[in-house]
Amino acid sequence: MKPPRAAVVGGGPAGLMAAEALAEAGVAVDLYDAMRSVGRKLLLAGKGGLNLTHAEDLGRFVGRYGAAQAEVGAWLERLGPQPLRDWAARLGIETFVGSSGRVFPRDMKAAPLLRAWLQRLRAMGVRLHMRHRWAGWAHDGALCFAAPDGPVQRSADAVVLALGGGSWARLGSDGRWWPLLQQRGVALAPLRPSNCGFERTGGWSAHFVEHHAGQPLKNVALQWRDAAGAEQRQLGECVVTHYGIEGSAVYAASAALRDAIGAGGQATLWLDLLPARSLEWVAAELAHPRGSRSLATHLKSRLKLHGVKAALLYEAADKAALADPARLARLIKALPASLSAARPIDEAISSAGGVCLAALDDRLMLRELPGVFCAGEMLDWEAPTGGYLLTACMASGRVAGEGAARWLHRAVDGALSG
Ligand SMILES: Cc1cc2nc3c(=O)[nH]c(=O)nc-3n(C[C@H](O)[C@H](O)[C@H](O)COP(=O)(O)OP(=O)(O)OC[C@H]3O[C@@H](n4cnc5c(N)ncnc54)[C@H](O)[C@@H]3O)c2cc1C
């Protein structure tokens, strides 16, 4: 008897993992992707060192998924951070824990991992079909693709959709699947930027942009209020840009800032320019008489505050605040930045929104479309950078692949016994 056939649509980390789980379970797998080659976003992530996962304890790790932590936590039971490192090791890719707890391949590259992974998948019989853009379903349930020689239809006994989110469309994940699932009655949330930069209300002055745009703000702490109004704080690094601010510390705040802007048109981020120093210490240093020295020299000699950090103060504070050491100290410890918009989704590291988790059962099968499973960033969850994105994409790919395999085998067993 022929093995059941599954189609995986989307060859990012989620789709490749689903294909692997299906092939391991003895299912014949055809993997389709719109691009000329698979894993383009994974390869781009490799340019930043490929932060595969994180070594913090599992409870903290799961908490990173916020509102979706119950569902993502269940996926991580199938493929958590340590099993993911073991999986990479079986591909010949050893990983290490960086000083921040982030986990990377030893060579900090994605290409060797992707190469080894594709080799394994091909050896398992997974067939790759490139330049096949999925365009919906035919009346008989077959999958419709735009292929190099024109439209084609392919049938499969089960389907895993792993089409990615809505950022970096040129790498394949363009979110054009959204209306295709909406037409079929699948509950969807709009795709929104996540891990993104923000525009400063009113922009920066031309002088500031000319001299400081693109410069990193190292050793700062960002503070913001989350949806419940609780104060959050993130130590780290960010970058001032011509439009506002972006970078890894900002990404941690991006969901809360984006939602606050969505609700009220504006959000405030506070920058602590000297996070290692107390307000009292800063105030005492500033209170030293500066005599005939300029404020810039005073800030530099007493606080080692200069360059882009000092320029931010001049940009944000009025003359009266700059002349008042106590007010200036408070600003140095909590400089408010009013933000008016998240940057466009295409620039974001990832996206939020997509297939609502309630639309899926615990195998990640769509309740509206039996036999159709979904995985990866196209599902409605989000997490900060730190390896949490890839881990959840791959974990969900495994859950969907295993779920589809069980569903297929049950269907075959049912047919045999019937
Ligand atoms: C610059 C950058 C750096 C990043 N670095 C990291 C990092 O270090 N660590 C981390 O955890 N995460 C990182 N990420 C995020 C991570 O890469 C993504 O979350 C992850 O790739 C999403 O996996 P996925 O399989 O769900 O989707 P994708 O990787 O986006 O793959 C989706 C696939 O589906 C295909 N597709 C889409 N529509 C169709 C269609 N209609 N028909 C056929 N095929 C289709 C696409 O061509 C694509 O190949 C980074 C992202 C960016 C942009």
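As the structure lists them, so they are numbered: ligands from 1, and atoms in each ligand from 1.
- Using a cutoff of 4.0 Å between basic side-chain nitrogens and carboxylate oxygens, Arg131 and Asp149 are not scored as salt-bridged.
- Note on ligand 1: Gly387 sits in its first shell, one or more heavy atoms being nearer than 4.0 Å.
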Checklist line | Step-by-step side-chain hydrogen bond (donor to acceptor under 3.5 Å, both in side chains) determination, Thr268 to Gln266 | finding: CA-CA 7 Å; Thr268 306; Gln266 181 273 348; 2.9 Å; yes
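- For Leu52, no heavy-atom contact with ligand 1 is shorter than 4.0 Å.
- With hydrogens and angles left out, the side-chain atoms of Glu231 and Trp224 include no donor and acceptor closer than 3.5 Å.
- The nearest heavy-atom contact from the protein to atom 19 (O) of ligand 1 is Glu377 OE1, 2.6 Å.
- For Tyr32, no nitrogen or oxygen atom sits less than 3.5 Å from a nitrogen or oxygen atom of ligand 1, counting backbone and side chain alike.
- For the residue pair His207 and Glu210, no side-chain donor N or O sits within less than 3.5 Å of a side-chain acceptor on the partner.
- Considering only non-hydrogen protein atoms, atom 39 (C) of ligand 1 sits nearest to Leu163 CD2, 3.5 Å.
- For Asp107 and Lys109, the salt-bridge test fails: no basic side-chain N is under 4.0 Å from an acidic carboxylate O.
- Considering each of Leu180, Thr385, Ile349, the one bringing a non-hydrogen atom nearest atom 14 (N) of ligand 1 is Ile349.
- For the residue pair Glu20 and Trp87, a side-chain donor N or O sits within less than 3.5 Å of a side-chain acceptor on the partner.
- At a 3.5 angstrom cut-off on N or O pairs, Asp174 does not count as close to ligand 1.
- Nearest non-hydrogen protein atom to atom 16 (C) of ligand 1 is Leu390 CD2, 4.0 Å.
- Distances shorter than 4.0 angstrom occur between a heavy atom of Met35 and an atom of ligand 1.
- In this structure, Arg133 counts as a contact residue of ligand 1, since one of its heavy atoms falls inside 4.0 Å of the ligand.
- The option with the heavy atom closest to atom 38 (N) of ligand 1, from among Gly172, Ser194, Gly10, Gly15, is Gly172.
- At a heavy-atom cutoff of 4.0 Å, ligand 1 is contacted by the side chain of Trp168 but not by its backbone.
- Remark: Glu382 does not engage Arg64 in a salt bridge, criterion side-chain N to carboxylate O under 4.0 Å.
- In this structure, a donor-acceptor pair under 3.5 Å is absent between the side chains of Thr385 and Asn195.
- Contacts between Leu44 and ligand 1 below 4.0 angstrom, taking non-hydrogen atoms only, involve the side chain exclusively.
- Heavy atoms of Ser167 come nearer than 4.0 angstrom to ligand 1 in no pair at all.
- Using modelled atom types, no side-chain atom of Ser167 and backbone atom of Glu347 make a donor-acceptor pair closer than 3.5 Å.
- A tilted orientation is assigned to the rings of Tyr32 and His132, their planes being inclined by 30° to 60°.
- For ligand 1, the polar-atom distance check against Ala348 finds no nitrogen or oxygen pair separated by under 3.5 Å.
- When heavy-atom distances to ligand 1 are checked against a 4.0 Å cut-off, His132 comes that close only through its backbone atoms N, CA, C and O.
- At the shortest separation from atom 6 (C) of ligand 1 among protein heavy atoms lies Ala45 CB, 3.5 Å.
- For atom 15 (C) of ligand 1, the closest heavy atom belonging to the protein is Leu389 CD1, 3.8 Å.
- Judged by distance alone, the side chains of Ser278 and Lys333 never bring a donor and an acceptor atom under 3.5 Å apart.
- Ranking protein heavy atoms by distance to atom 7 (C) of ligand 1, first place goes to Asn51 O, 3.7 Å.
- Counting non-hydrogen atoms of other residues, nucleotides and ligands closer than 6.0 Å to CD of Gln182 gives a total above 12.
- Checked against a 3.5 angstrom limit, the closest N/O atoms of Ser350 and ligand 1 fall outside it.
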